[in-house]
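Structure first, commentary second.
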Amino acid sequence: MNKLLITVLFCGTSLLAVSQSAPKPYGPLPTYGQVKWQETEMYGIIHFGPDTYTNKEWGFGDEDPAIMNPTQFSAMQIVGAAKAGGLKGIVVVAKHHDGFCMWPTKTTEHNISKSPYKNGKGDIVREYREACDKLGMKMGVYCSPWDRNSPLYGKPEYVTDVYRKQLQELYSNYGPLFIVWHDGANGGDGYYGGAKEKRTIDRSTYYGWDETWGIARKLQPNAVIFGDVGPDVRWVGNERGMAGETSWATYTPHAPEAGKAPGNGFVLDKEGVEGHRDGKFWMPAECDVSIRPGWFYHADQDDKVRSPAALLKLYYNSVGHGACLDLGLSPNRLGLLADGDVKALAAFGTILKETFNVNLAKGATLTASNIRGKNKLKYGPAMLLDNDRYSYWATDDKVTTPELTLDLHQPKTFNVIRLRENIKLGQRVDAIAVDAWLNDKWEEVATATSIGGNRLIRLKDDVTTTKVRLRITSAPVSIALSDFGLYKEATITE
Ligand code: FUL
């Protein structure tokens, strides 16, 4: 039978401990790292390197390290702007396809120590680490497997003596990482030590992913591994920041060996977007999309920075659909985020704070058609706080379509609904509906499918009511819900 669980629910000001048996977990479950990743919700991927100076997106690999000389590089400014935008971490592009390492690596001469930056004593990755630590932000790294500079690229020695050693350096010397990021752009033409030719590799076998990812498992056991087809976090399949209206955390990748080979040839767009309800793995989606048209800074895109309203839309379509948003940030040649980017981030962060800091369901009386045990609940912080994100309300085993009613006691106006499942017990809910008490009867105001770690429903119109009802309309098992919140979106000032 199930283990005994003590769930603590806040009842008014007094704590009520409800003794009950925990529901049996359902389907694939997240690891510790995946749970922590889910909580991160939004982070930035920072592209800064030789491409910033050559005005390219994909450097050929023949760039002179001397061009890498930012005069005002400030990791604090960049990470600080990300934080103001509500991002909780960054992914540092430590090496892009051009092979230039932003840290003083022992594996290649093509690195920051050969640039004039800080007279060859610079270490951009370390500067990001220090800024993250000071600002309470998480850090991850992206070290491109494709290396258009290395003469060894295409040979086994590149993987064993260069790429894996680079990963070892990054995973050993820069503190705890929450994500290690891999991409699917692999092989093609490049400089390759002067050969200037096209080199193709078999992207499912060349990198020996089992062993390569084993380095992360060993040195950074709490980091999730992102790749087009996992193994921990899947690519959503587009760079538009769009997870599906339905987006399951579970997924079965179409790769030669499921979950074992990045490479966008294996991503079936629609399936990355939606996941699979019966997927074999817990592999939620990451939506990577840049705040600008390009990933690297280009001065002629200064007027094309996404507006706060556009960023908000991305947020609802990614984080709001149970995915994480990985927002591309592009420092300029000075080594700073440009003013327009900083302002857009700050305004976006303000909207998020103003919207989600006030949960209009707080103080409501919560009545459940069925809970494990026979308690009437008062809506309280146990269902709200991040540090208690996994307190939850669960139904008896046979109850799969319960109702949960919030009596708000007075008319409240909202236009955003937030639902969360306790994902430690798997993704259990198939579909829900929300009703509001309007004109002396229940009227349906929203429906949704997958909930998982987070579901935000952004209503077209404001709803003013005294009572709101959640109906779970379909689920294969009992329910373990950890949040049912109501919010009013802050006014957007551009
Ligand atoms: C892609 C890369 O090819 C782009 O240049 C960029 O780094 C993006 C985040 O990932 O696969």
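Computation of the quantities below employed the complete heavy-atom set of this structure, encompassing side-chain atoms and omitting hydrogens, waters and symmetry-equivalent molecules. In listed order, ligands and their atoms are each counted from 1.
Considering backbone and side-chain atoms alike, His47 places an N or O below 3.5 Å from some N or O of ligand 1. Ligand 1 has no nitrogen or oxygen under 3.5 angstrom from a nitrogen or oxygen of Trp295. Not a single N or O atom of Trp181, backbone or side chain, sits closer than 3.5 Å to an N or O atom of ligand 1. Inclusion of Asp183 in the set of residues having an N or O under 3.5 Å from an N or O of ligand 1 is warranted.
Contacts with ligand 1 closer than 4.0 Å are made by no heavy atom of Trp235, backbone or side chain.
With Arg148 as the fixed residue, the salt bridge (Lys or Arg N to Asp or Glu O under 4.0 Å) test singles out one of Asp62, Asp98, Asp189: Asp189.
The NZ atom of Lys106 sits 13.0 Å away from atom SG of Cys101, with the distance rounded to the nearest 0.5 Å.
Evaluation of the ring pair (Phe, Tyr, Trp, His ring centres under 6.0 Å) rule for Trp295 yields His47 as partners, not counting sequence neighbours.
Residues Pro50 and Met68 share a closest heavy-atom pair of N-SD, 3.7 Å. Taking both residues in full, the closest heavy atoms of Asn111 and Pro104 are given as OD1-CA, 3.7 Å, listed atom of the first, atom of the second, then distance.
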message: side chain to side chain donor-acceptor pair (under 3.5 Å), that's the test. Do Thr107 and Gln166 meet it? Break it down for me.
response: CA-CA 7 Å; Thr107 60; Gln166 292 175 344; 3.0 Å; yes
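Residue contact annotation: Phe296 has no non-hydrogen atom under 4.0 Å from ligand 1.
Below 4.0 Å from some heavy atom of His97 lie the following atoms of ligand 1, by number and element: 2 (C), 3 (O).
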